[in-house]
Visitor: 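Pasting a structure here, questions to come.
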Amino acid sequence: MNKRSVLLLLACTTVSVYAQKGKKTSTTIKPKSEFVTELMGKMTVDEKIAQLVQFTADGTITGPKSGTNWVDEIKKGNVGSILNATGVDYTRKIQKMNLESSRLKIPILFGYDVIHGYKTIFPITLGETASWDLEVARISSEVAAAEAAASGVHWTFAPMVDISRDPRWGRVSEGAGEDTYLGSKMAFARVMGFQGKNLHDLNTILACTKHFAAYGAAEAGRDYNTVDMSERLLREVYLPPFKATVDAGSATFMASFNEIAGVPSTGNKWLMNDILKGEWGFKGFVVTDYTGMNEMIAHGYAKDEQHAGELSLNAGIDMDMVGAIYLKYTKKNLEEGKVTMAQVDDACRRILEAKYDLGLFEDPYRYSDAKREKTTIYKKEYLDAALAAANKSMVLLKNSNNVLPLKQTQKVAFVGPLVSDEYNIIGSWAASGDRYGYAVSVQEGVNKLVTDKNKVSFTKGVEIKDTKRDGIQAAINAAKNADVIVAVMGEFENQTGEAASQVNIDLPGIQKEFLAELKKLGKPVVLVLLNGRPLTLSWENENMDAILEAWYPGTMGGDAIAQTLYGVSNPSGKLPMTFPRSVGQVPIYYNHKNTGRPYLGASDPEQKYKSRYTDSDNSPLYPFGYGLSYSDFQYSNLILSTQKLSANGKITVSVDVKNAGAYDGEEVVQLYVRDLVGSVTRPVRELKGFNKLLIKKGETKTVTFEITPDDLRFYNIDMKFVAEPGDFEIYVGGSSDATLKNTFELVK
Ligand code: BGC
């Protein structure tokens, strides 16, 4: 193309003018479809392919080293998106470089893993899910989006909605735990938070639902490992949270690393084209995970990179993260007839539409405003929201003799490796969160709250993993002088997250040994846990007086822990994942099947030929949905409006919940259903509703739920999603072990 035609071309594209100058010079931009069609009409095949290409900048490293010189590729006009570049200055610089080399001035899309906060860090997703508070989840994503968007980021790789029944898998910390119903509600709320009402608003970013699909079912809990399961299990348990995000309008999806039944997701046409884009009508674009396309060679699914590119495009993968395969081989695949131009066009269009929605064609620098960046991050209201979220995420696992809440009059020895920690407390994958200087440690939080500083002491005693014993004596001495001992313990933040699977999920190092020493002092010992997965805590449950699961509570974590320990905040979190007695029980989850030989526990007259372990109880240490409060909630009067549910009818379920304790408190009222007989077997119970509400001390509230036949649907023997007539049980209570029961019949 000669110089004259380039100039002509630029003149026709109003938006290019904005892009060049970095500011808006006109207010008119054509409607999306017209605009993108017109733009694509001007694009060469190479330019279209470039939109499908994403490289990582030299920011955070989130995967294996990539051999590509991303700067050179941008200069050649070969890049549509960059990940791991953040901050106004850096993103502005990269955008400028791109616009200078992009003939049609197509802006770069900046992606980043904003998982549980950008600067102001909220509890890790698993912890936040323990709040069972959808507004908490929405607000935390909203704050994360506002901060990220003010820092040049357009797109978060979140929410992570992988259901997992395996605490060995390190990535459980990033997700919503084991339950499909809770996970779907949380997933929906998170997308609403990130994307807001309108993606064009400057405080919103594109969501990316990941990892599609079933990544959390990796065999043996080992990251990236094989998945094989029935289509029924996939559709009933693993897919619904993904679908919920499509309903919420999630703009993008990420393919998972794993294979399902022999087909890696990156090359899985059935998943991407048939289910996601077909059945569910998803209109956004799908990105691979980090080099996921290349990895199909190691899987033994693609013979070489070119083949991997062919399989991916045919499957419906629109963007190649880091792998450089689309860049290198799409043209060749087109020439050889392995892929079609219509496929390239479709992928390109989806990506351009996302850029359009963000307003990047109006002004490619609109998210890179230094003043806004400065005034947005760490706003007081964001820190307050993070504190509220952390308080609501705390799960009280044990509280013998009401040792908690602590009293200001008591002398308390705070010990343990995480007692003054500011680094781990914000958890893994904490985006641009500052690990020093901003995060509030437990020591800092307690010091802010306790009026008489002589009443508290802080001594580490031991390290997280290190086995050195030379600090123990000093901590024991401090503990000897106290009325109560609080041990703040847990895991390193990087023991959970990606590539952090473990076969042992006990407290690491010699922490347990140290606890045993503390116990010998004969004083009440409270264990506060900072960790990102269910741990095996049988010994701790036997020997500690109280246990508070604080997860990694984020920037304001130390304040939240102090407020909870001293009763300024009444714990109200409930477990989003089962805590096993021992790792040998894994996978363990509440909504299991009954088997033909269910074990009834110690009272079972038949002890031998039952589905059980000979060296352990079947039951978990702490079930899904479990969590104590300083209040005491009592359930009664479980009443159904009718005992017969008709095909287009509904049942109103009501229950009285009394706060019989001495504190006002929030309770998560949970409703579970059991379908007694089906054309295929059904789980022993399934969560179908929950309601978190404040009940003042002495007060009784009546909580109601509605059940319709839609809530009872499952994939029957013919893989039809239907509710089958028959008998059902309903359980309502404060955990998945709820015993208050009623029954109804679904009639034809
Ligand atoms: C992870 C994704 C993440 C991506 C980009 C991958 O290794 O699996 O969850 O979004 O890296 O950082």
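In each ligand, atom 1 is the first atom listed, and ligand 1 is the first ligand listed. Atoms considered below: every heavy atom in the structure, side chains included; atoms not considered: hydrogens, waters and symmetry mates.
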Visitor: Which heavy-atom pair separates Ile121 from Ala430 by the least distance, and what is that distance?
Guide: CD1-O, 3.2 Å
Visitor: Can you find an N or O of Asp289 that's nearer than 3.5 Å to an N or O of ligand 1?
Guide: yes
Visitor: Please identify which atoms of ligand 1 are closer than 4.0 Å to at least one heavy atom of Arg171.
Guide: 1 (C), 2 (C), 8 (O), 9 (O)
Visitor: Heavy-atom contacts with Phe157 under 4.0 Å: which atoms of ligand 1 show up? List them by number with element.
Guide: 10 (O)
Visitor: Output the distance between atom CH2 (Trp551) and atom CG (Asn531), rounded to the nearest 0.5 Å.
Guide: 6.5 Å
Visitor: Out of Asp113, Asp223, Ile115, whose heavy atom sits nearest atom 10 (O) of ligand 1?
Guide: Asp113
Visitor: Are Ser256 and Asn258 close enough that a side-chain donor and a side-chain acceptor fall under 3.5 Å?
Guide: yes
Visitor: In the protein, what heavy atom is nearest to atom 7 (O) of ligand 1, and what distance, to one decimal place, separates them?
Guide: Glu498 OE1, 2.7 Å
Visitor: So, for Trp280 and Phe212, is the gap between ring centers shorter than 6.0 Å?
Guide: yes
Visitor: For Asn84 and ligand 1, does the shortest N/O to N/O distance drop below 3.5 Å?
Guide: no
Visitor: For ligand 1, which part of Met254 has a heavy atom less than 4.0 Å away: the side chain, the backbone, both, or neither?
Guide: side chain
Visitor: Taking only heavy atoms of Phe257, which atoms of ligand 1 are found under 4.0 Å from at least one of them?
Guide: 7 (O), 8 (O)
Visitor: Suppose I only count heavy atoms of His211 and a 4.0 Å limit; which atoms of ligand 1 are within that range?
Guide: 2 (C), 8 (O), 9 (O)
Visitor: Less than 6.0 Å separating the ring centroids of Phe624 and Trp132?
Guide: yes
Visitor: May I ask you to identify, for Trp429, whether its side chain, its backbone, both or neither come under 4.0 Å of ligand 1 on a heavy-atom basis?
Guide: side chain
Visitor: Would you indicate whether Lys328, at its atom NZ, is surrounded by more than 12 heavy atoms from other residues, nucleotides or ligands within a distance under 6.0 Å?
Guide: yes
Visitor: Please identify which atoms of ligand 1 are closer than 4.0 Å to at least one heavy atom of Lys210.
Guide: 2 (C), 3 (C), 9 (O), 10 (O)
Visitor: Looking at Asp304 and His307, would you say the former's side chain and the latter's main chain have a donor-acceptor pair under 3.5 Å?
Guide: yes
Visitor: Heavy-atom distances under 4.0 Å are what count here, so tell me which part of Leu83 touches ligand 1: side chain, backbone, both or neither.
Guide: side chain
Visitor: Let me confirm one number: the CG-CG distance from Leu276 to Leu271, rounded to the nearest 0.5 Å.
Guide: 8.5 Å
